[in-house]
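For reference, the structure is listed below as structure tokens.
Each chain gets a letter, A, B and so on, in the order the sequences are listed, and its residues count up from 1.
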Amino acid sequence: MIDPRILRDEPDRVRASQAKRGASPDVVDRALEADTARRAAIAAFEEKRSAQKTFGKQVAQASGDEKQALLAQVKQLSAEVKDLEAAQTTADEAWTTALKAIPNVVADETPAGGEDDFVVLEEIGTPRDFAAEGFEPRDHVELGRMLGAIDLERGAKVSGSRFYFLTGVGAQLELALVNLAMEQARGAGFTQVIAPSLVRTEAMAGTGYLDQGGGEDIYRIEGEDLYLVGTSEVPMAAYHSQEILDGASLPRRYASFSPCFRKEAGSHGKDTKGIIRVHWFDKVEMFVYATLEDAADEHQRLLAWEKEFLDKLELAYRVVDIAAGDLGGSAIRKFDCEAWIPTQGKYRELTSTSNCTDFQTRRLDTRGRFGDRTGPIATLNGTLTAITRAIVAVLETHQQADGSVRVPQALRPHLGGLEVLEPVSR
RNA sequence: GGAGGCGUCGCCUAGUCUGGUCUAUGGCGCCCGCCUGCUAAGCGGGUUUGGGGCUACAACCCCAUCGAGGGUUCAAAUCCCUCCGCCUCCGCCA
């Protein structure tokens, strides 16, 4: 949730942000009304409660008839306190609901508009010209089959559509990518984490995911208060919930591995072929707790680390500044790195990094201690590598005419020195 | 999964049976000051968090906060219920 002070003191800033997202400003006024009502309810309750407490002390000291007389008087007061407390609770819940309905206030730099209004910040590398090389590129499905790396048929047989098995060099490739990512993260001072991929409602709601379309894309475990996470951003955001972190310890950087589960409910018919869009994949995610002042700079650093990794995979990609309407509700700004996918003839998202400022920490009750006071802190997240999409980009980009795939230099040490993935006969 | 025990303001801890000066005890740690060639020791003071009022987001006043949420009561750390977590034993298992 956003800072209530911004809502109170600068409601127009919030309205402007809503406009930039292409969303209604009504939520702002509803929240302001709820705030006024809540504060009135608090004042009413506290006044009566204070009177009740004073009375209670007299009761404790009195005895006999005097005590009975006091008890008779205070009984009515007690009933009033109870009603006012209930009213306060109701008003407070209404306020929280209204406040949570407001997405984060987007950054000034964030482009206005929707999905198609992104701004390309830079293009790195040059897409391979297969025509000039004299052969037609195979897509990752065919390459995966030839290499014995990806088994979609059996994935569908066992688990249904949008599932896969990684086999042989495919499995090796995943572990190599994970190791390369973790190695880089470790070198940059990140704490490596293996995070739980099932979390409680509290954690899932804290990141803001349940508010976006009511969690349509999220798997829930039947009969239990557990959700399967779509990213380890969720457990890592909840990791320090209800904690006060030493301000001097910031930024705290985590590189977290976890499987990710997504229903992909809203993407029927999209990317049905291959492993571009699947119900489950593994991912190494960077997650950072930082000061509010440092958050924008840290966001750039996360982007730099993402680029460093894509450079190691020797991919052609571009960096995109996502428009306000296409941001998650938690983020004020988001950069995607999109790699060139030869057989699709376009750039596809491989990594994504968001600056969520204090939006998540407010919900999850994570604060910082700065000297003798406590204050809000920021969270940021960024993909180091999402395995399936990395595999797609690597296979398609580095394929050779005979269906073999050249292994990028940086990956070789993690594949036992393997320089080329060769087709296998099955 | 079964049985039992436990959860107090950074850490440890008193208090819970017998509800009411608990505005929660004491120790450790930490912070400020005094003392002191320096350090240590000693002495004095301070030290949960959130919210509301008023305001300079100070001071001050008030409310809540004893794992969480309900309930009983004039009054709950204390009694009752539900949930969560931890520990011990048993069962099961990678």
*Which one is paired to A64(B), where only Watson-Crick or G-U wobble pairs with both distances under 3.5 angstrom count?*
U49(B)
*What pairs with Phe281(A) under ring-ring contact (aromatic ring centres under 6.0 Å, His included), at least two apart in sequence or on another chain?*
none
*5' precedence on RNA chain B between Thr89(A) and Ile42(A) (nearest-nucleotide basis)*: Ile42(A)
*Between Lys75(A) and Arg39(A), which is nearer to the 5' end of RNA chain B once each is assigned its nearest nucleotide?*
Arg39(A)
_For C93(B), give the paired nucleotide (Watson-Crick: N1-N3 plus N6-O4 or O6-N4; G-U: N1-O2 and O6-N3; both under 3.5 Å), or none._
none
*asked:* Looking at G52(B), I'd like to know if its phosphate oxygens (OP1 or OP2) sit under 4.0 Å from a side-chain N or O belonging to Arg38(A).
replied: yes
*Pairwise P distance, C54(B) and C12(B) [rounded to whole Å]*: 40 Å
Polar atoms only, N or O, under 3.5 Å: list the protein pairs with nucleotides 19-21 of chain B and their distances.
| unit_1 | atom_1 | unit_2 | atom_2 | d |
| --- | --- | --- | --- | --- |
| G20(B) | O6 | Lys67(A) | NZ | 3.4 |

*Considering every strand shown, what is the Watson-Crick or G-U wobble mate of A75(B) when both distances are under 3.5 Å?*
none
*Taking protein heavy atoms under 4.0 Å as touching, what does nucleotides 62-69 of chain B look like 5' to 3' if B marks base contact, S marks sugar-phosphate-only contact and - marks none?*
BBS-----
*Atom CG of Asp246(A) to atom C1' of C30(B): distance rounded to whole Å?*
13 Å
*Distance, rounded to the nearest Å, where Glu243(A) contributes CD and G50(B) contributes P*: 14 Å
*asked:* Please tell me if Ser78(A) has a side-chain N or O lying less than 4.0 Å from either OP1 or OP2 of U73(B).
replied: no
*Tell me, please, which residues at least two apart from Tyr227(A) pass ring-ring contact (aromatic ring centres under 6.0 Å, His included).*
none
*Integer-rounded Å distance: A56(B) C1' and Asp9(A) CG*: 14 Å
*Quantified in whole Å, what is the C1' atom distance between nucleotide U88(B) and nucleotide U47(B)?*
36 Å
*Using the P atom as the reference point in each nucleotide, state the distance between U25(B) and G15(B) in Å, no decimals.*
14 Å
_So, OP1 or OP2 of C57(B): does either fall under 4.0 Å of a side-chain N or O from Arg8(A)?_
no
*How about Glu419(A) and Gln409(A): does a side-chain donor come under 3.5 Å of a side-chain acceptor?*
no
*Report which part of the nucleic acid Lys48(A) touches: base, sugar-phosphate, or nothing (heavy-atom distance under 4.0 Å, all strands).*
nothing
*For A76(B) versus A68(B), give the span between their P atoms, rounded off to a whole number of Å.*
16 Å
*asked:* Within the supplied structure, the quantity of interest is the number of heavy atoms (other residues, nucleotides, ligands) at a distance under 6.0 Å from Arg220(A) CZ; does it exceed 12?
replied: no
*Can you name the residues that form a ring-ring contact (aromatic ring centres under 6.0 Å, His included) with Phe118(A), not counting sequence neighbours?*
none
_Protein-nucleotide distance (Met1(A), atom CE; G51(B), atom P), rounded to Å_ = 11 Å
_Please enumerate all residues that pass ring-ring contact (aromatic ring centres under 6.0 Å, His included) together with His279(A), with sequence neighbours excluded._
Phe163(A)
_His240(A)/Tyr254(A) aromatic ring centres below 6.0 Å_ = yes
*asked:* Can you tell me the base-pairing partner of G4(B)? Count Watson-Crick or G-U wobble geometry only, both distances below 3.5 Å, and say none if there is no partner.
replied: C87(B)
*Rounded interatomic separation in angstrom, taking CG from Asp35(A) and P from G51(B)*: 12 Å
*Can you tell me the distance, in whole Å, between the CD atom of Glu80(A) and the C1' atom of C74(B)?*
13 Å
*Is it the case that Thr357(A) and Asn104(A) place a side-chain donor and acceptor less than 3.5 Å from each other?*
yes
_Does a side-chain N or O of Gln52(A) approach OP1 or OP2 of C74(B) to a distance below 4.0 Å, or not?_
no
_Atom C1', compared across G20(B) and U78(B): separation rounded to whole Å_ = 11 Å
*Mutual orientation of the aromatic rings belonging to Phe190(A) and Trp305(A) [parallel < 30°, tilted 30-60°, perpendicular > 60°]*: perpendicular
*G44(B) pairs with which nucleotide, Watson-Crick or G-U wobble, both distances below 3.5 Å?*
C32(B)
*Nucleotide opposite U23(B) in a Watson-Crick or G-U pair, distances under 3.5 Å*: none
*asked:* Work out how far the P atom of U49(B) is from that of C11(B), and round it to whole angstrom.
replied: 12 Å
_Phe45(A), CZ atom: more than 12 neighbouring heavy atoms under 6.0 Å_ = yes
*Looking only at atom C1', what distance separates A77(B) and G69(B), rounded to whole Å?*
16 Å
_With no hydrogens and no angle check, just 3.5 Å: does a side-chain donor-acceptor pair link Thr361(A) and Thr366(A)?_
no
*Expressed as a whole number of Å, how far does the C1' atom of U73(B) sit from that of C80(B)?*
12 Å
_For C38(B), the Watson-Crick or wobble partner whose two distances fall under 3.5 Å_ = none
